[in-house]
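Here's the structure, in structure tokens; my notes come after.
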Amino acid sequence: MATSSKSDKLVNDNPPSDSESDDSRDEEGWNDVEEDEEETPEVISLLDDRVFPDVISMLAHCKEKHRFDFLGVRQRLQLDFHGCVKLVNFIRQRVHEGLPVSEDISLADIRDDAYLKPVLDDDAVIIGLYDLPELPPPEAILAAQSSDNAALVSDLLKRNTELQEQLASVMLQHENYRAAVSKTLDERWGEAGADDNAKQVTNKGKGKDGVEEKEDESKYYWESYAGVDIHETMLKDTVRTDAYRDFIYNNKHLFTGKTVLDIGCGTGILSMFCARAGASRVLAVDASDIIFKARENIYRAGLSDTITTLHGKMEEVTLPVDQVDIIVSEWMGYCLLFEAMLPSVLYARDKYLAPGGLMVPSHTNMWVAPVSDPVWVSENGETFWADVYGFDMGAMAKGIYDEVRVLHWPGDKVCGTPSAFKMLDLYTTTVADLSFTAPYASRLTQDVDAVDGFLIWFDTFFSPTAPSSTPQRTSEGQEVDAASVDKHSVPDDAVATEWILDNKGKRDQDRVAFTTGPFGGAETHWKQGLLLCDPHLGEKKGGQNVAADGNSSIDTKQQQKKKDDDVRGEITFSVAEDNARALVIKATWDSGRTQQKWALR
Amino acid sequence: MASDKMDVEVAEKKLTDMAHSEQHYFNSYNHHGIHEEMLKDEVRTRSYMNAIVQNKHLFKDKVVLDVGCGTAILSMFAVKAGAKHVIGVDMSTIIFKAKEIVKVNGMEDKITLIQGKMEEIELPFPKVDIIISEWMGYFLLYESMLDTVLYARDKYLAKDGLIFPDKATIFLCGIEDGDYKDEKIGFWDNVYGFDYSPLKATALSEPLVDTVEVKAAVTDPSSVITLDLYTCTTADLAFSIPFSLKCRRDDFVHALVAWFDIDFTACHKPIRFSTGPHTKYTHWKQTVFYLQEVLTVQQEEEITCTLVVKPNDKNRRDLDIQIDYKLETQDPTRQAQGSCTYKMC
């Protein structure tokens, strides 16, 4: 009940005559009611410094100059007096904090009773709220027509039309919301059949675009269920989410008034970052049903007018615009390219990105380094299966060297210098570039009995500068870019943790980059990819894993390596022939004499 | 782990009409990685090993049925304990690995492995003397194979036959878990400045499988139900049972945590293992049920509760769980009563 007594007091609280009054004015205020009636209060604009004789003219000013229709918001939210008081203080508080104020304020925004407390001492607007016309139900307008005040009538009619439009828009949003909620509930609790096949909708990787298209009612059920977990993991990956947030919020000037496309929007977090950063329009595309949750989140953030969600594949949805100024996407997968949506992003770039438009992120760099950890190998390699409670379970180890293992690998078990092997400039990269062979070269940092495998990770860079001219996706194009090198360019061997520093070694706030590697400190949900070397490579003949000369067996002594030894070879990325979603990584080492393939499925 | 039992079950269903490349996938190393986790769960595997291998007098010359045999480790323990013959049944493709393993270990004469559903296959023996099975899922019953074990018991277990294990008990306890509740549930209130509460309701209704520290326990544990595998029926797997939690100290209660103990009472020296917070880690961890409100309790007070569990009507693999709670106190401001529903799916 404390709340209501507090607001009662506010209602009766009139401004004292002296604006310099001391802290005890609240008590005095109780007695000032009669005396101050004659004094014209100064009505300070909600959105700037201008002063008006009354609230009506001030609100008209806000509507005209700032496109903020206070009465429209009041009508939309059906605010009573207390609601209006909160709305006023909410706006004042935001203005005070230098935050933008938009018309899509929601009831949730002003729910906090703290907003009953005036932000501005003796705010004349709050007293002036009494002077506002009643919330106009349609009958009130009809009644008003017979009144003498023709100007007021036409004003009210005009306002009524506007409000009806707003109402229609809100109703539409509400309908969408209801539809989404109803669909969610129906399908979650009602339609989820006992069809076990639904379980096949895997959530391996990211469950974003690559979800199998199977018209199975329970598909949604499982997918949406699994989705929450995945998205929780991604949102709580602060390395990832902070990077996007920092880039977007630190570069509001890049987003203000711009049209942004968010590919694979998930829960809508990046779209909302962009909207809060001032984007005039955000198109959020996702093929997964998590988009229904995104829609609810966006609605609750009051950003439904700015963000349009589109459910479908990037290649299939119809955007309501021909061009976008910025493409934002968190498309990266395990080992960067597994089940990744990069081809969709490149498709959208070529189709929609305006000349000079911005790619967020702008670059990625892939790294490889040799690893050695005999203890881990004995506990997790084939030796584990050789003796399980006294039984030989070697059969379980079959294929153990054929697949990439996704795991967190400790930095101190990396035995050589990391080598950058593939920089992708997202302004120029093509789908063809995503299958490649590239050299790497590492130098061992310690003596090892054997290089047990190779670790793969990637860095992601957010450059605030788009290439100066229309992106030229030719080899000449790179030279053009090189000629206009600016401080935000990303060199081929860029290291995320170093690139974000300026030339004095200090953190440059304009630059955002993060690594998924083992030396970056915080772990990410991408972990790293381990390519475990098959110690029997030299023994096999005729198989696919065979030393290049085909008949030399490699004994243990040959595997021993010393600090400062070079480990060189090539890394090949390709899409598996039998499964378009799988990634096949090939590595060669011993100067190309030995090679092995791993699949990531 | 039980959840994988489902995955591989689905895999097996698909296997029949699957392209060669996909078969390769389901036989791939990572696909069966879950068995690595189970085998590396020492509490689980060692308890079974001890229960079987240390009771040769029970297994000698007996016919044994291993329900959901996986990699056949329990089948091989039974052979080591002197079993005349072991039949391992599993509907997952893991059984192909199990066949290789059994062969490599020279037990192919002693172990018959059958892929398929217990309800659909023919056993080479009309009756078995002993049923062994590691059927437990999260919260004991989630995606568990207990109904299959009971089916096998009713159809195949000889009179006076033995079941390993034969007793399972679910415990619940109230815990102080403010920080983690904040992290898991409160997280959705403010995600980078945005209201994600549409995902909060989902989070609250999902029991959380995770480890709980024993010091978090605010109440004594209460054993809620003990399933006797010799006598229980599938109907017993849906239940509504009152219990009470006695508070050990003045604290908050944010959640109830559930775990289970498993007993092999047929053993010469009874063997028991627990999946509770007070003992060694197992891959079952514990299951946390967050309450919508926070209870403020004082030492010696009791929270009276009812645990309602039943398989979901639409999908029998899912569990519908309800926890009713009531805290009666002298101090009226701390009185609390409520009912929370959860779904494990």
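Residue Asp195(B) holds its CG atom at 7.5 Å from CG of Asn297(A), rounded to the nearest 0.5 Å. Of the inter-residue distances, the one linking Tyr192(B) atom OH with Thr267(A) atom OG1 reads 11.0 Å to the nearest 0.5 angstrom. Going from atom CG of Leu199(B) over to atom NE2 of His231(A) covers 9.0 Å, rounded to the nearest 0.5 Å. For the atom pair CZ of Phe391(A) and CD1 of Ile73(B), the computed distance is 5.5 Å after rounding to the nearest 0.5 Å. Taken to the nearest 0.5 Å, the NZ atom of Lys97(B) stands 9.5 Å off from the CH2 atom of Trp385(A). How far OG1 of Thr202(B) is from NZ of Lys293(A): 3.5 Å, rounded to the nearest 0.5 Å.
For Lys280(B), there are no salt bridge (charged side-chain N to carboxylate O under 4.0 Å, His left out) partners at least two apart in sequence or on another chain. With sequence neighbours left out, the salt bridge (charged side-chain N to carboxylate O under 4.0 Å, His left out) criterion links Lys184(B) to Glu232(A).
Using a 4.5 Å cut-off between heavy atoms, Ile298(A) makes no contact with chain B at all. With a 4.5 angstrom heavy-atom cutoff, Phe273(A) touches chain B via backbone and side-chain atoms both. Looking at Tyr244(A), neither its backbone nor its side chain comes within 4.5 Å of chain B, counting heavy atoms on both sides. Contacts of Phe187(B) with chain A are made by side-chain atoms alone, with heavy-atom separations under 4.5 Å and no backbone atom involved. Of the two parts of Thr238(A), the backbone and the side chain both hold a non-hydrogen atom closer than 4.5 Å to a non-hydrogen atom of chain B. Contacts between Tyr196(B) and chain A at a heavy-atom distance below 4.5 Å involve backbone atoms as well as side-chain atoms.
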Worked verdict on Val191(B) versus Ile269(A) for side chain to side chain contact (heavy atoms under 4.5 Å, CB included): CA-CA 8 Å; Val191(B) 177; Ile269(A) 188 82; 3.9 Å; yes

Derivation and outcome, side chain to side chain contact (heavy atoms under 4.5 Å, CB included), residues Met396(A) and Glu36(B): CA-CA 9 Å; Met396(A) 294 293 292; Glu36(B) 184 172 348; over 6 Å; no

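Cation-pi geometry between Lys40(B) and Phe384(A) is met: under 6.0 angstrom from the ring centre, within 45 degrees of the axis.
In terms of heavy-atom pairs under 4.5 angstrom with chain A, the leader among Met76(B), Met49(B), Glu100(B) is Met76(B). For chain A, the option among Val104(B), Thr45(B), Asp313(B), Thr71(B) with the highest count of heavy-atom pairs below 4.5 Å is Thr45(B).
Across all non-hydrogen atoms, the minimal contact from Ser197(B) to Arg300(A) is OG-NH1, 2.7 Å.
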